[in-house]
Amino acid sequence: MYFSPDVFYWSGLLAYLGYLSTRRSLTTKEMIRLVFVNTKFTVNEKPPKLIEVYKRDHYVEYEYLLPFGLCLNEKVTEALTQIFTKPVRIYTEHSKLFIRAYNEDLPTEVNHDSFPKRGGWQVPLGLTLEGPVYHNFEKRPHMIVAGMTRYGKSILLKSVLTSLIETNPDNLRVYIIDMKGGLEFGRFDHLRQVVKVGADTSEAKEIFEEVHAEIEKMMKWMRQKRITNVVKSGVKQRTFIIIDEGAQLAPAPFMDKEEKKAMQYCQYVMSEITRVAGALGYRLIYGSQYPTADNLPRQVKQNADGGVSFRLPTKTASLVAIDDTGSEELTIPGRAIYKTSTREEIQTPLIEDDNMLSRLDKYKRKEPKGEGNNGNVNEVGTTPDTKRSDLVQFG
Ligand SMILES: Nc1ncnc2c1ncn2[C@@H]1O[C@H](COP(=O)(O)OP(=O)(O)OP(=O)(O)O)[C@@H](O)[C@H]1O
């Protein structure tokens, strides 16, 4: 029997439409079940059993009981992901499989002002699919911020600086090393919390010498007072060292001996800050476009318990920055991975320079630099029950 090509065309189309309509009428639960069966994610031909469906503000979560011996694999994860038009998180926990289907995509822009303020030393780092995420510098004192040029590193550093000043105007001291010639952070030098802005290698070295001397004094003072960690001691002051483009502070073969020595010194103090000075109230935020094993001091890497990575060129770069891959897949400015003991994809807060300058205007220095309590290290140790003599002794 002969069938014209038209017959094949129309019967094929009808079958496709039939498939589409069935597909449309399927509920999410049914589609998940079909994926389990079609990908052979079964034991004795039985797929995982649905236990509960949770409806939350930002997502709907399906909880399944996993039969013993059944392990989540890439094939089923990919097939499940294809069911949903919005982001989905698929994970297992205690013999259960969870499929969390989010209601919305992560936005491509979130204003810094939209994050509610939190007390202490917590700053907003970004928005996740489940709400805002904060970094607590008391729990995780040091942080690495990595990302290729034009993906949002400097803006995040500025957002963190703004939050720190606004939440702790009287207890914050900041040294900024802006290796982009001071172009990004030079404008904030007039704020009373900003002790110094260094814009090149020699200024960076001066800052590190100053910080190093402070750390030694502080250690002595704490030894005398038998304080082991400022966090539990009532010492309120914290000193942040923010570095934008830390890779510029790494020795390179073309440098002369003096320059190499200066760089090695800078790297040594960075390491000391993360190794011992966290307990003394010193916090390092190390920003770099492309951290490598050669330019990121090992101690900094090992002791920085928080990492934010914007887009990076390769998986290897992502592994160096945050011990995890994924940064090479980010494509949107302001989109980053925040890695601590957990991992979150975030859209970081956007803040414009002019907005930042106008809201921080009230913190501009009244006295000339170095007078009053501007950046005065003698004020370290100001606690309700610490006598003035302690402060003098420390200074
Ligand atoms: N959180 C954000 N949300 C949306 N867009 C952003 C965000 N952060 C940065 N951008 C966009 O990316 C541009 C570059 O940001 P930024 O200056 O922070 O880059 P960078 O990574 O520091 O680059 P470079 O290292 O070259 O200075 C901004 O001008 C802005 O358009």
Side-chain angles (χ1 to χ4, degrees), residues 87 104-117 123-135 143-164 166 174 176-189 197-201 204 240-250 284-292 295-296 304 306-314 317-318 320-322 326-339 344-360:
E104 297 295 337
D105 287 315
L106 203 51
T108 51
E109 222 177 277
V110 211
N111 199 298
H112 174 94
D113 301 345
S114 67
F115 290 85
K117 278 199 193 101
V123 298
L125 267 201
L127 190 69
T128 68
L129 287 164
E130 292 172 31
V133 63
Y134 290 75
H135 180 86
M143 180 190 270
I144 293 172
V145 180
M148 286 166 70
T149 178
R150 312 309 294 155
Y151 276 92
K153 202 169 12 71
S154 304
I155 290 187
L156 178 66
L157 295 178
K158 287 176 188 170
S159 159
V160 168
L161 177 63
T162 306
S163 302
L164 288 172
E166 288 187 333
V174 191
I176 303 174
I177 296 172
D178 177 358
M179 295 302 284
K180 290 172 189 154
L183 289 175
E184 293 285 359
F185 288 92
R187 303 176 75 185
F188 308 105
D189 200 16
V197 179
D200 57 30
T201 316
F240 282 71
I241 297 95
I242 300 179
I243 306 172
D244 197 2
E245 210 24 67
Q248 298 281 64
L249 292 171
L284 183 79
I285 306 180
Y286 179 100
S288 175
Q289 284 175 359
Y290 187 20
T292 65
N295 65 35
L296 175 63
V308 178
S309 177
F310 294 91
R311 181 173 171 76
L312 283 171
T314 60
S318 184
V320 172
I322 53 166
S327 319
E328 74 284 359
E329 284 169 12
L330 302 169
T331 52
I332 300 169
R335 187 63 53 91
I337 296 171
Y338 172 47
K339 181 85 192 293
E344 314 256 19
E345 188 164 329
I346 55 175
Q347 183 65 27
T348 53
L350 182 60
I351 188 162
E352 308 288 345
D353 270 13
D354 289 346
N355 175 14
M356 192 174 162
L357 280 167
S358 69
R359 57 199 283 176
L360 295 181

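Both ligands and their constituent atoms are indexed starting at 1 by order of listing.
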Side chains of Y286 and V145: closer than 4.5 Å at any heavy-atom pair? no
Pair D354 + R187: basic N to acidic O under 4.0 Å: yes
Can you check whether I155 has an N/O within less than 3.5 Å of an N/O in ligand 1? yes
Donor-acceptor pair, distance only, cut-off 3.5 Å: does the side chain of N295 make one with the backbone of T292? yes
Side-chain donor-acceptor pair under 3.5 Å between S154 and K180, yes or no? yes
For atom 29 (O) of ligand 1, closest protein heavy-atom neighbour: R150 NH2, 3.6 Å
For G152, is at least one N or O under 3.5 Å away from an N or O on ligand 1? yes
Sub-4.0 Å heavy-atom approach of T108 to ligand 1: yes
Look at ligand 1 and say whether K180 reaches it with a heavy atom at a distance under 4.0 Å. yes
Sub-4.5 Å side-chain heavy-atom contact between M143 and L125: yes
For atom 5 (N) of ligand 1, the closest protein heavy atom turns out to be P333 O, 3.8 Å
Which atoms of ligand 1 sit under 4.0 Å from any heavy atom of P349? 1 (N)
Ligand 1 atoms nearer than 4.0 angstrom to some heavy atom of M148 are 21 (O)
Sub-4.0 Å atoms of ligand 1 with respect to non-hydrogen atoms of T348: 1 (N), 2 (C)
Could you list which atoms of ligand 1 come closer than 4.0 Å to a heavy atom of Q347? 3 (N), 4 (C)
Nearest-0.5 Å distance, OH of residue Y338 to NE2 of residue H135: 5.0 Å
Could any protein non-hydrogen atom be found less than 4.0 Å from atom 31 (O) of ligand 1? no
Quick test: of every protein heavy atom, which one is nearest to atom 26 (O) of ligand 1, and how far off is it to 0.1 Å? T149 OG1, 2.3 Å
Would you compute the distance between atom NZ of K339 and atom OG of S327 and round it to the nearest 0.5 angstrom? 9.5 Å
How far is atom 22 (O) of ligand 1 from the closest protein heavy atom, and which atom is that? S154 OG, 2.6 Å
Mark yes or no for whether R311, through its side chain, and T331, through its backbone, hold a donor-acceptor pair below 3.5 Å. no
4.5 Å side-chain heavy-atom contact, D244 and I242: no
